[in-house]
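As C-alpha cells, the structure follows; a few thoughts come after it.
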Number of protein chains: 2
Amino acid sequence: MSVTIKDIAKRLGVSATAVSKALNDRDDVSEELKRKVLKVAEELDYSANTIAKRLVTNKSNTIGVFMLSRRESEQRETVGFQFLSGILEEANKNGYDIVLFSTNSDLLDEKSYIKLCKERRVEGAIFTGLRLDDPHIPEIKKAKFPITIIDTELDDAENVGFITTDNLSGVHKALEYLWKLGHRRIAMINGHHQAQVSKRRYQAFKEFLTQKGVFDEDLVFYGDFTKNSGYKAALKILELNEPPTAVFSASDLMALGAIKAFKDKGLILPRDMSIIGYDNITSSEYTDPSLTTVAQDSVNMGREAVRLVLDGLDGGTMKKKVLEAKLVIRDSCARCC
Amino acid sequence: MSVTIKDIAKRLGVSATAVSKALNDRDDVSEELKRKVLKVAEELDYSANTIAKRLVTNKSNTIGVFMLSRRESEQRETVGFQFLSGILEEANKNGYDIVLFSTNSDLLDEKSYIKLCKERRVEGAIFTGLRLDDPHIPEIKKAKFPITIIDTELDDAENVGFITTDNLSGVHKALEYLWKLGHRRIAMINGHHQAQVSKRRYQAFKEFLTQKGVFDEDLVFYGDFTKNSGYKAALKILELNEPPTAVFSASDLMALGAIKAFKDKGLILPRDMSIIGYDNITSSEYTDPSLTTVAQDSVNMGREAVRLVLDGLDGGTMKKKVLEAKLVIRDSCARCC
DNA sequence: CTGTTAGCGCCTTCAC
DNA sequence: GTGAAGGCGCTAACAG
C-alpha cells in the first residue's frame with residue numbers, strides 16, 4: 001500500500017523505532033541517521049500517517065467547530081466567515097486541525113454535537129450561532145473537554161467558556177451617541193429571544209434609557225435578525241402615534257431592512273429618522289445612507305475562541321472573555337429635531 | 001481510559017469481535033446480542049473511536065477544503081461562506097468530515113497542500129481561491145486523489161476536476177442587457193491575471209463586443225478584485241477623452257468601488273453611467289443604486305464540488321461541471337444617451 | 001545511540 | 001452465531 005516507516009527502516013537496515021525517532025527529530029538519535037532517514041523518506045515519497053499517530057498518542061490535534069443556525073442568521077455570512085478565518089488561523093498556528101460541522105445536515109439530526117466530538121476525539125470545540133433553546137445545551141454543559149461558545153454564556157458548565165464583545169458598553173456607546181445628537185425618543189429593534197445577545201442588548205438598552213428617565217417598553221420591537229423582520233418592525237414603528245426620532249437595531253441586517261422600510265414609506269434618511277445597527281457587516285458600509293453601527297472584531301473573536309480552548313487544554317478552567325465594542329460612525333444618524 | 005468495545009465485551013461475557021459486529025449492525029450476529037450491546041454501550045457511555053476505525057479500515061472519510069487567498073479576495077466573505085455551506089451540507093450528508101485549511105497560516109507555509117492532504121489521508125480535496133501563479137499547482141496536478149477546484153480549470157490533471165458558472169454566457173448576458181439599453185461604448189474592469197475567471201471573463205467580453213464591432217482594448221482596465229482597485233480603475237475611466245457610457249466589472253466588489261468613485265466625482269447613477277457587476281455578493285443589494293450583477297449559485301457550487309469528488313472516489317475520472325449564470329437586474333443600469 | 005517488545009482500538013479473516 | 005489470532009502504522013518504554 002503506501003510507504004510506512006517500516007519501508008524506510010528496511011531500506012536503511014535499521015529499526016522502525018529508530019526511523020520514528022528520527023522523523024520526530026528526537027535527540028536520542030544521531031544526526032547522521034536523521035539525515036539518512038529524511039533522505040530516504042523523500043526518495044520514497046513518504047507521508048506520515050496522522051491517523052496512526054493520533055491513535056497511538058491518543059491525541060487528535062483537532063478542534064471541532066460548529067456553525068449553527070445557518071438559515072436564520074443570514075448576517076453570519078459576513079460575521080461567520082470572519083469568525084472562521086480567525087479560528088483557522090489560530091488553530092493552524094498551534095498545530096491543530098479544524099473539523100467543521102454545520103446544522104441542517106443529517107449528521108447533526110442523528111447525533112448530538114457532543115457525540116460527534118467524542119467519536120472524533122476532538123480535543124476541544126467551538127460553537128457559533130447557538131440558540132438558548134437548543135436541546136443539546138444540557139449535554140454541552142456536561143462536556144469533558146474544553147468548549148468555547150461565541151456570544152453565548154452558559155452557567156454551571158465547568159468546561160465551557162465564552163467569548164463576546166461587550167454588549168453593555170457597545171449598546172451604551174450607540175445610545176450615548178444618539179443622546180448627544182439630541183434624540184430622546186429612541187426605539188429598539190431587537191433579535192429573537194433565543195439569542196443571548198438579544199437579552200444582553202435589551203438589558204443594556206433598558207438600563208441606559210431608564211437612567212436617563214426616558215425608557216418606554218412600547219418602543220421595543222422584535223425581529224429575528226433577518227432583513228425582512230427588520231423591515232416589518234420598522235413599519236410598526238411608523239404606525240406609532242408618536243414615532244421615535246431614532247432607532248437602535250440589535251443587528252445590521254435588521255437595520256438594513258428598517259432602512260428600506262423607512263425609505264419605502266417616503267422618509268428621508270437620516271433627516272427623518274436616525275438609525276444605528278450592530279455587527280458592522282460588510283454591507284453596512286454600502287447602504288444609503290451608510291450605516292452607523294457597533295462593530296466587533298470578529299476575526300479576533302475567532303482567534304480568541306481558539307486560545308480559550310487551548311488554555312482549557314492546558315489545564316485551566318474555561319475562561320470568559322469580553323472584547324471591546326467600537327462605534328463606527330457613518331451617515332445614518334442626524335441631529336435631532 | 002475511555003470505554004472501548006472490550007469493556008462492553010467483558011461486561012457481556014462475549015468477545016470484542018462480537019461487539020464490533022453488533023455495533024456495525026452486521027448480519028452475522030444475533031439480534032439479541034445487538035440489543036444487549038447497544039444497551040450496554042449506552043450505559044457505559046461508549047463512543048466509537050473514529051481514529052482507530054479509520055486506521056484499521058484505511059479510510060478517513062474526510063475531505064480537505066482549502067480556502068486560499070483570503071486576504072486579497074475580500075468578496076469571498078460572502079461567496080466563500082456560501083461555498084462552504086454547500087460543501088458542508090453535501091459532505092456531511094454523505095458521511096464525510098470536512099477538514100479546513102487556510103492560507104496565511106504557518107502550516108501552509110511549511111508544507112504543501114498535497115502533503116497536508118496525504119498526511120491526514122484525506123480522500124479528496126476542494127480548493128477555492130486558487131491562483132494561477134500558485135507554486136503548488138504542478139503538485140496538485142499530480143495528485144493521486146480526487147480534487148475539485150472551484151472556478152479554476154487545470155489541464156493535464158487526471159484527478160482534478162472543476163466547477164464554475166458559465167463565464168461566457170454570464171458575461172454575454174450582462175453585455176446583451178447593456179447593449180439593449182443602447183450602450184455601445186462599454187468599459188471593463190477586470191480582475192488580476194492570476195485568477196482564471198479574469199481571463200475567461202475578458203475573453204467573453206472581447207468576443208461579444210468584437211462581434212458587435214465595437215471592441216476597444218483601451219476600455220479594459222485591471223484591478224485585483226478589491227473595492228479599492230475598482231475605485232482606482234473608475235477614476236482612470238473618467239480620465240478618458242471619450243469615457244464609456246457603461247462599465248462591466250468582473251466582480252461586485254470592484255463595482256462597488258467604482259460606484260463610489262463615480263459618485264465622488266459627481267456623477268449621478270445610473271443616469272451618467274451604467275454599471276454591472278459579477279458575483280451577486282450580499283452587499284450588492286444594498287448599494288445606491290442597487291447593483292445589477294451576474295449571479296452564481298455559490299451554495300450549489302459547493303454541493304457540486306463535493307459531488308464531483310465523491311464521483312471521483314467511485315472510480316470515475318474527474319469531471320468538469322459548468323453551472324448556469326443568471327443576470328440579476330437591479331437599478332444600476334439606465335438606457336443610454 | 002539503537003533495537004526489542006508491546007500495544008493504541010478496532011476490524012478482518014477464518015476457524016469452530 | 002461467535003471467537004481467536006493477527007494486524008493497520010505508529011510510538012512508548014525499556015534494555016542493550
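For A/Gln194 (side chain) and A/Leu132 (main-chain N/O), no donor-acceptor pair under 3.5 Å exists by modelled atom type. Under a 3.5 Å cut-off, the side chain of B/Ser60 and the backbone N or O of B/Arg121 do form a donor-acceptor pair. Side chain of A/Asn24 to backbone of A/Arg26: no donor-acceptor contact under 3.5 angstrom is found. A side-chain donor-acceptor contact under 3.5 Å links B/Thr57 to the backbone of B/Lys53.
In this structure, B/Ile8 atom CD1 and C/dG9 atom C1' are separated by 12 Å, rounded to whole Å. Between the P atom of D/dG9 and the CD atom of B/Glu119 lies a distance of 15 Å, rounded to the nearest Å. Residue A/Arg35 contributes atom CZ, which lies 15 Å from atom C1' of C/dC1 at whole-angstrom precision. Note: CG (B/Leu12) to P (D/dG1) measures 17 Å, nearest angstrom. The distance between atom NZ of B/Lys21 and atom C1' of D/dG3, rounded to the nearest whole Å, is 8 Å. The distance between atom CD1 of B/Ile51 and atom C1' of C/dG7, rounded to the nearest whole Å, is 16 Å. Rounded to an integer number of Å, the gap from CZ of B/Arg26 to C1' of C/dC14 is 12 Å. One can place CG of A/Leu55 at 8 Å from C1' of C/dC10, the figure rounded to the nearest angstrom.
Judged by closest nucleotide on DNA chain D, A/Lys6 is the one of A/Val19 and A/Lys6 placed further toward the 5' end. If you find the closest nucleotide of DNA chain D to B/Gly13 and to A/Asp28, the one lying nearer the 5' end belongs to B/Gly13.
Between B/Lys39 and B/Glu42, no side-chain nitrogen of the basic residue sits less than 4.0 Å from a carboxylate oxygen of the acidic one, so the salt-bridge criterion is not met. In summary, B/Lys141 and B/Asp155 do not engage in a salt bridge, as defined by a charged side-chain N under 4.0 Å from a carboxylate O.
The side chain of A/Val56 lies closest to D/dT11 when the candidates are D/dG3, C/dG3, D/dT11.
Proximity of B/Ser20 to the phosphate of C/dC11: a side-chain N or O atom is located under 4.0 Å from OP1 or OP2. Between B/Ser30 and the phosphate of D/dT2, there is a side-chain N or O to OP1/OP2 separation shorter than 4.0 Å. Look at A/Lys53 and you'll find a side-chain N or O under 4.0 angstrom from OP1 or OP2 of D/dT11. Dashed line: the shortest gap from a side-chain N or O of A/Thr4 to OP1 or OP2 of D/dG9 is not under 4.0 Å. In terms of phosphate contacts, A/Asn49 brings no side-chain nitrogen or oxygen within less than 4.0 Å of OP1 or OP2 of D/dC8. Here B/Tyr46 does not reach the OP1 or OP2 of C/dG9: none of its side-chain N or O atoms lies under 4.0 Å away. Note on B/Arg54: every side-chain N or O is 4.0 Å or more away from OP1 and OP2 of D/dG9. For D/dG3, neither phosphate oxygen OP1 nor OP2 lies less than 4.0 angstrom from any side-chain nitrogen or oxygen of B/Thr17.
Looking at heavy-atom distances under 4.0 Å, B/Arg121 makes no contact with the nucleic acid at all. Within the 4.0 angstrom heavy-atom criterion, only backbone atoms of the sugar-phosphate kind lie near A/Leu33; the bases stay farther away.
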